[in-house]
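First comes the structure, then the notes that go with it.
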Amino acid sequence: MLPWIYMAQNDQIRVRFAPSPTGQLHIGNVRTALFNWLFARQKGGTFILRIEDTDLERSEARYETQLMEDLKWLGIDWDEGPDVGGPYPPYRQSDKMDVYRSYAERLIQEQKAYYCFCTAEELERDRQQAMAEQRQPNYSGKCRNVDPAEAERRRATGEPAAIRLQIPERPIRFHDIVRGDVEFSNEVVSDPIIVRSSGMPTYNYVVVIDDADMKITHVVRGDDHISNTPKQVAVYEALGLPVPEFAHLSTILGPDRERLSKRHGATSVANFREMGILPEALMNYLALLGWAPSGGDREIFPKDELIKEFSLERVTPSPAVFDTEKLHWLNRYYIKAAQPERIHQLGAEALQRAGLLPAGANGSVSSWTGSLIDLFAPYVDQLDQLPEKAKIIFNHDAAAALALPENAEVFASDKAKAVIQSFGKRAANEPPLTAERFKAIMDEIKAETGAKGKDLFHPVRIMLIGSHSGPDFNKLIPLLEDGSRLELPVHVKSVRERAQEFIAAQGLKS
RNA sequence: GGCGCUAUCGUCUAGGGGUUAGGACGUGAGAUUCUCAAUCUUAAAACCCGGGUUCGAUUCCCGGUAGCGCUACCA
């Protein structure tokens with residue numbers, strides 16, 4: 001039992017994930033969501049989902065829906081959000097314009113912000129000149145000096161004006177849990193626009209109002225926001241609002257050490273789901289990107305363990321390269337650890353998409369599919385590789401098998417030919433083979449031809465699946481025989497069919 | 001250009017003023033198997049560079065270099 005005072009403190013921790021619904025949920029963003037969520041869950045705090053849809057041009061409702069589905073799929077849930085509500089609505093930014101405006105007016109009145117009448121062209125010219133002179137391209141602050149009464153008069157005439165926050169003449173510093181104390185000279189911050197001349201508030205302003213309204217205590221986000229943070233801190237301070245703790249997470253890089261992007265292949269949560277990466281594998285992997293447990297000698301962390309062990313203090317500040325190989329290793333681990341029924345379900349979907357299975361499979365088909373998946377699932381990095389792995393079951397091409405040089409070597413010897421002939425003859429007269437019967441036949445052939453080990457098995461394997469390597473015969477034989485008697489979109493050839501076709505093809509060739 | 005952040009095996013990382021610098025992925029070898037995968041065992045593999053502080057720096061400080069980010073009336 002925790003003393004109540006700690007409970008009360010922990011209870012006050014409030015963090016948020018604030019994506020804009022402008023596209024697929026990116027892997028870097030979802031890691032931010034995960035770290036926020038883990039932190040909240042471990043501390044018994046509140047995790048909030050807030051949709052930042054102020055970018056009307058690019059925001060779409062369907063992305064918002066998908067974003068929530070992706071989070072749920074990963075296993076992340078939220079206590080407050082646009083769908084479930086909460087004590088500090090709205091959880092979508094759209095309808096808050098009047099709130100932003102009233103805070104801005106207050107800042108003007110308190111002379112912590114001022115109207116700026118500079119035109120875009122004017123600003124651009126100043127900027128160019130500063131660049132040319134190798135100076136910091138900061139706003140000059142010239143409208144700071146416009147008399148408030150004068151400003152009102154000009155506004156009354158309809159002259160467009162933005163609102164700028166006046167940055168104090170002292171360094172701005174803040175605490176970052178991941179990086180320690182960070183300080184920015186006020187020289188480089190320059191008075192930011194908080195409300196555009198169009199009346200639309202800007203991000204660095206809005207985000208502060210939203211976080212403050214929602215009583216956010218810890219802002220956990222990507223490190224691309226570090227440079228924005230002093231502006232935001234200045235807004236908190238001007239408004240007399242408590243400044244939250246920050247934790248800036250490092251960037252996720254591609255193999256070329258550049259920021260992970262679509263160029264690098266799969267980068268959205270939806271991509272990974274479609275590929276057949278299990279959510280627990282992705283969550284585990286993402287947690288390990290930038291965080292490591294004390295001791296650092298453990299890699300497997302199911303959700304509960306992550307919640308127990310996670311801490312923001314142990315997050316690394318340096319950027320991390322996304323390593324698909326390691327994700328695959330975790331995915332293989334979780335595929336083996338998962339309930340077989342779940343893998344059957346997911347695997348069957350992949351096979352259906354490949355056109356190898358009918359949609360609503362009945363009893364015997366689905367139990368056959370189950371053993372098919374049990375056989376091949378340990379071979380795959382991701383479940384969408386199943387159809388490829390299972391092609392030896394569905395596609396049997398004797399001529400192609402014979403044409404392969406590496407196979408030709410195997411059945412060049414007289415012994416191998418004898419094995420093939422003998423197997424073909426026997427298979428022709430057999431009812432569907434069981435694993436036991438197959439073994440018995442192989443023993444007979446062994447006695448008859450004197451072939452054993454590779455010399456015995458390799459030719460048979462090539463005859464049946466076109467390659468000298470593949471799954472255990474004990475599992476393979478029943479799978480072929482049972483499959484051949486099912487109604488499937490692609491006919492599975494029986495052992496007998498395979499043997500006969502192979503011998504026929506071989507006859508044609510020689 | 002300015003400002004900021006970062007720097008341990010190829011990759012993710014642990015560690016920390018004196019260590020055989022630990023783990024994991026991947027890679028090599030071996031065991032097992034008819035074979036491949038899996039599994040187990042095992043090997044190779046790292047403290048960016050230069051100064052300082054110190055008896056002693058990979059660790060602390062400063063500088064350099066490199067990578068990344070920000071530098072908007074984008075979010």
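Sequence lines set the chain letters: A, B, ... in the order given, protein chains first and strands last, and positions in each chain run from 1.
- Under 3.5 Å, the side chains of A:R125 and A:T119 contain no donor-acceptor pair of N or O atoms.
- The P atoms of B:U32 and B:A37 are separated by 15 Å, rounded to the nearest whole Å.
- Using C1' as the reference atom, B:C55 and B:C68 are 40 Å apart when rounded to the nearest Å.
- Relative ring orientation between A:H225 and A:Y203 is described as tilted, the plane-to-plane angle lying within the 30° to 60° band.
- Residue order along RNA chain B, read from the 5' end via each residue's closest nucleotide, puts A:R314 first among A:R314 and A:P378.
- Between A:F272 and A:F322, the distance separating the two ring centers is shorter than 6.0 angstrom.
- Atom P of B:U42 sits at a distance of 28 Å from the matching atom of B:U8, rounded to the whole Å.
- Of the side-chain N and O atoms in A:R127, one or more sit less than 4.0 angstrom from OP1 or OP2 of B:A72.
- For A:H344 and A:D374, the side-chain atoms include at least one donor-acceptor pair closer than 3.5 Å.
- Contact between the side-chain N/O atoms of A:R332 and the OP1/OP2 oxygens of B:G26 is found at a separation under 4.0 Å.
- Distances were taken from every side-chain heavy atom of A:T202 (C-beta onward) to each of B:C3, B:A75, B:U13; the shortest belongs to B:A75.
- Checking B:C9 for Watson-Crick or G-U wobble geometry (two distances, each under 3.5 Å) identifies no partner in any strand.
- A:G290 comes within 4.0 angstrom of the backbone, heavy atoms only, and of no base.
- The residue A:C116 sits apart from the nucleic acid: no heavy atom pair falls under 4.0 Å.
- Using a 4.0 Å heavy-atom cutoff across all strands shown, A:L253 reaches no nucleic acid atom at all.
- Looking at A:Y100 and A:D210, their side chains do bring a donor and an acceptor atom within 3.5 Å of each other.
- B:U41 sits 44 Å from B:U54 when the C1' atoms are compared, rounded to a whole Å.
- Atom OH of A:Y285 is separated from atom P of B:U13 by 8 Å (rounded to the nearest Å).
- Between A:Y333 atom OH and B:C25 atom P the separation is 12 Å, expressed in whole Å.
- A donor atom on one side chain and an acceptor atom on the other are found under 3.5 Å apart for A:S422 and A:R426.
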Review point. Between A:S294 and A:R314, is a side-chain contact (heavy atoms from CB on, under 4.5 Å) present by the stated rule, with each step listed?
Key: CA-CA 8 Å; A:S294 162; A:R314 295 193 58 83; 3.9 Å; yes
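- Remark: the separation of the C1' atoms in B:U11 and B:C34 is 36 Å, to the nearest Å.
- The interatomic distance linking A:R31 (CZ) with B:C12 (P) rounds to 12 Å, in whole Å.
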What are the atom names and distances for every N/O pair under 3.5 Å that joins the protein to nucleotides 5-8 of chain B?
unit_1, atom_1, unit_2, atom_2, d
B:C5, O2', A:R179, NH1, 2.2

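- One interatomic measurement links the two molecules: CD of A:E313 to P of B:A14, which rounds to 14 Å at whole-angstrom precision.
- Partner assigned to B:G56 is none, using Watson-Crick or G-U wobble distances below 3.5 angstrom.
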Mind listing the N/O atom pairs, protein and nucleotides 33-35 of chain B, below 3.5 Å?
unit_1, atom_1, unit_2, atom_2, d
B:C34, N3, A:R461, NH2, 2.5
B:C34, N4, A:R461, NH2, 2.7
B:C34, N4, A:F473, N, 3.3
B:U35, O4', A:H458, NE2, 3.3
B:U35, O2, A:G470, N, 2.6
B:U35, O2, A:G470, O, 3.1
B:U35, N3, A:R461, NH2, 3.4
B:U35, N3, A:G470, O, 2.7

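- Counting to the nearest Å, the P atom of B:A14 and the CG atom of A:L288 are 10 Å from each other.
- Separating the CG atom of A:D256 from the P atom of B:G10 is a distance of 18 Å, rounded to the nearest angstrom.
- Between the side chain of A:S197 and the base of B:C73, at least one donor-acceptor pair of N or O atoms lies under 3.5 Å.
- Distance check on atom C1': B:G30 versus B:U6 gives 41 Å, rounded to whole Å.
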**Study point:** side-chain contact (heavy atoms from CB on, under 4.5 Å) assessment of A:L330 paired with A:I300
**Key:** CA-CA 8 Å; A:L330 279 165; A:I300 302 289; 3.7 Å; yes
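- Looking at heavy-atom distances under 4.0 Å, A:I193 makes contact with a base.
- Among the protein residues, A:E325 comes within range of the sugar-phosphate backbone only, with heavy atoms under 4.0 Å from sugar or phosphate atoms but none that close to a base.
- Out of B:C70, B:A14, B:U11, the shortest distance to the side chain of A:D224 is found at B:C70.
- Looking at A:L456 and A:V419, their side chains come closer than 4.5 Å, going by heavy atoms from C-beta outward.
- Ring geometry for A:W291 against A:F301 counts as perpendicular: the plane angle is over 60°, on a 0 to 90° scale with 30° as the lower cut.
- A parallel orientation is assigned to the rings of A:F246 and A:H248, their planes being inclined by less than 30° (bins at 30° and 60°).
- B:C40 is paired with B:G30 under the Watson-Crick or G-U wobble criterion, all donor-acceptor distances under 3.5 Å.
- Residue A:R259 is in sugar-phosphate contact alone, with no base atom involved, counting any heavy-atom pair closer than 4.0 Å across all strands shown.
- Spacing between atom CD of A:Q128 and atom C1' of B:A72 amounts to 13 Å, rounded to whole angstrom units.
- The C1' atoms of B:G51 and B:U27 are separated by 38 Å, rounded to the nearest whole Å.
- Under the side chain to side chain contact (heavy atoms under 4.5 Å, CB included) criterion, A:I392 pairs with A:F376, A:I465, A:P471, not counting sequence neighbours.
- Here B:A21 sits opposite no nucleotide as a Watson-Crick or G-U wobble pair (both hydrogen-bonding atom distances under 3.5 Å).
- A:K336 comes within 4.0 angstrom of the backbone, heavy atoms only, and of no base.
- Rounding to whole angstrom units, CD of residue A:E258 and C1' of B:G67 are separated by 10 Å.
- Here the nucleotide nearest the side chain of A:V321, chosen from B:C73, B:A24, B:U11, is B:U11.
- Searching all strands for a Watson-Crick or G-U wobble partner of B:G4 with both distances below 3.5 Å returns B:C68.
- Residue A:N204 places its side chain closer to B:A75 than to any other of B:A75, B:C12, B:C73.
- Note: A:Y139 and A:Y114 have parallel aromatic rings, judged against thresholds of 30 and 60 degrees for the angle between ring planes.
- A gap of 41 Å separates the P atoms of B:A72 and B:G52, to the nearest Å.
- If you check B:A45 for Watson-Crick or wobble pairing at under 3.5 angstrom, you find it has no partner at all.
- Residue contacts shown for A:E187 are absent, as no nucleic acid heavy atom lies under 4.0 Å away.
- When Watson-Crick and G-U wobble pairs are counted only if both distances are under 3.5 Å, B:C73 pairs with no nucleotide at all.
- Across all strands shown, B:G50 pairs with B:C62; the Watson-Crick or G-U wobble distances both stay below 3.5 Å.
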